[in-house]
S.K.: 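After the C-alpha cells below, expect a handful of questions from me.
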Amino acid sequence: MNAHTPGQTVDAETSAETSLDAFRADRTYLGADHARNERRTRLVAAICVASLAMQVAGGLAFNSMALVAGGLHMAGHVAALAVAAAAYALARRYAADRRFTFGAGKFGYLAAFANAVVLAVTAILVLAESLGRLFAPADVGYDAALPLAGASLAVNLLSAWLLRPARRDHDHDEHGDLNLSVAHLHLTADAAVSALAILGLAAGRLLGWSWADPAAGVVGALLIGQFAYVLLRRAGATLLDMNPSPELAAEVRRRLEGDGARVLDLHLWRLGPGHHAAIVTLAGGDSRTAEAYRARLAGLPGLSHVTIELRAAPAA
C-alpha cells in the first residue's frame, strides 16, 4: 500500500506464485544472454588490443594517417569493450543487491553513455589531425601500410561476427542488450573505417593522390562521430527513463481499459535488457481489486515489474 496516495495499490512482486516472469521474485533484471555476451566481450577486447598495437605501430612507421585513425578508433573500441565487460561483471555481482531499488540492469547503459563520450572526443582528435594532413600531405609507405590495413579489416570483421547479438526476440525492446549492441556497432563501423583506409592507401599508391589517405581519415572521423551521437541518444534515453516503447505502453493501456476503466497515469521505463517497469493509476471499471487488473497484464512480453493503483471514479 502506498501511504502517500489514495486508493488501493498492489506491486506485482508481492505475489510470487502469479509473477509475470522468472525474474520478478528476485528483481534480477539482467538480459537473457548476459553470461554469453560477457564472455564474448572479453574475448573481443583481447583481439582488439592486438589489432590496436598493429595499426598504430604501422601508421607511425609508414606515416599513414588512415592507419593511425583506424588505430585510434580501435583504441576507443578497446576502452569501450573494457568498460562493457566491467559493466557486465558489476551487473552480475550486484544483481541481487537490495540497495538497487530496480535492480542492477542499467550498468550497461551507464557504460554505453561513458563510451559514447570517449568516442566523440576520439572523433574530434582524428578529424583535427586528418585535416592537418589533408592540407599538408606527408609521404606515406603505401606498400607496407596496405597489408596492415587489410589485416585490420579482417580483425574487425571477425570481432563484429563474434559480438553479433543472439537470435532472440525481445518484444517491445528493439535495442535488446544495448551494451553488446553498441560494441557490435562500434566494430562494424571500424570495419568501414578500415575499408576506407584501404581505399585511401590504394588511391595514393596507384593514382598518386596524396590527399586520399588523410581524406579517408576525415571520413572515418565523421563515422566515429555519427556512431557516438547515436549511442549517446540511446543510452541517454534509458538513463533518463524516457518511454522506451510507445507500443508496449499502448498495449498496457488497451488491456487495462477493457471494462470501462480509465488510465489516469501511466509511467513506463526500462529496467535492463528486455525488462520494463510500469506504474499505472486507474479509475472506474468493473474490477474492484488491483490484483484483477494486474492479472490482465500476465504474459505481456518485456513487462517485468508492475505497480497498480486504483482510485474511485470521479463524480459525474
Side-chain angles (χ1 to χ4, degrees), residues 12-13 16 19-51 74 76-116 118 155-190 231 234-235 237-239 244-245 248 269-277 299-305:
E13 295 187 63
S19 62
L20 301 190
D21 60 42
F23 298 96
R24 185 67 52 81
D26 58 7
R27 298 188 181 184
T28 305
Y29 303 120
L30 303 183
D33 301 304
H34 186 93
R36 166 196 179 271
N37 296 345
E38 182 178 358
R39 289 193 303 269
R40 295 200 172 202
T41 299
R42 291 178 176 177
L43 172 61
V44 173
I47 295 174
C48 287
V49 168
S51 177
M74 185 60 72
H77 291 328
V78 171
L81 289 166
V83 173
Y88 280 125
L90 289 170
R92 174 170 42 82
R93 177 178 178 181
Y94 293 107
D97 193 322
R98 304 298 288 186
R99 291 177 297 175
F100 294 90
T101 302
F102 288 105
K106 285 188 177 180
F107 269 109
Y109 301 98
L110 183 60
F113 190 86
N115 288 334
V118 173
V155 169
N156 288 327
L157 291 175
L158 171 63
S159 298
W161 180 79
L162 287 172
L163 283 183
R164 69 195 187 283
R167 299 292 297 177
R168 185 183 297 275
D169 293 329
H170 288 288
D171 291 351
H172 304 294
D173 192 356
E174 60 178 310
H175 296 153
D177 187 341
L178 186 61
N179 203 21
L180 184 78
S181 297
V182 163
H184 181 264
L185 181 66
H186 284 185
L187 290 163
T188 302
D190 201 54
L231 175 53
R234 290 184 181 179
T238 296
L239 293 174
S245 175
L248 179 57
W269 69 97
R270 184 180 281 110
L271 299 172
H275 298 283
H276 300 85
L300 187 56
L303 192 59
S304 302
H305 181 106

S.K.: To the nearest 0.5 Å, tell me how far L231 CG sits from R234 CZ.
M.R.: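 So the CG of L231 and the CZ of R234 are separated by 8.5 Å.
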S.K.: Would you list the pairs meeting salt bridge (charged side-chain N to carboxylate O under 4.0 Å, His left out) in which at least one residue belongs to residues 79-92, sequence neighbours left out?
M.R.: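 The answer is E38-R92.
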S.K.: Shortest non-hydrogen contact from L248 to P301?
M.R.: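 So the two residues come closest at CD1-O, 4.1 Å.
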S.K.: State the CG-OH distance between D177 and Y88, to the nearest 0.5 angstrom.
M.R.: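 If we round to the nearest 0.5 Å, D177:CG and Y88:OH are 3.5 Å apart.
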S.K.: Distance-only, no hydrogens or angles: does the H184 side chain make a donor-acceptor pair with backbone N or O of L163 under 3.5 Å?
M.R.: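 Not a single qualifying donor-acceptor pair exists.
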S.K.: Looking only at heavy atoms, which two atoms of N179 and G108 are closest? And how far apart?
M.R.: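 In this case the closest contact between N179 and G108 is OD1-O, 3.7 Å.
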S.K.: Supply the atom-to-atom distance K106 NZ to W269 CH2, rounded to the nearest 0.5 angstrom.
M.R.: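 Between K106 NZ and W269 CH2, I get 8.5 Å after rounding to 0.5 Å.
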S.K.: Any donor and acceptor pair, going by atom type alone, linking the side chain of R40 with main-chain N or O of L162 inside 3.5 Å?
M.R.: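 Judged by distance alone, yes, a pair lies under 3.5 Å.
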S.K.: If you take all heavy atoms of P273 and Y109, which pair is closest and at what distance?
M.R.: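 The pair with the smallest heavy-atom distance is N-OH, 3.5 Å.
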S.K.: How close do A235 and A112 get, heavy atom to heavy atom, and via which atoms?
M.R.: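 Taking A235 first and A112 second, the nearest heavy atoms are CB-CB, 3.9 Å.
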S.K.: Just how far is it from atom CZ of R42 to atom CD1 of I47, taken to the nearest 0.5 Å?
M.R.: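 Those atoms lie 15.0 Å apart.
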S.K.: I need the minimum non-hydrogen distance between A85 and T41, along with the two atoms involved.
M.R.: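 What the structure gives for the nearest pair is N-CG2, 3.9 Å.
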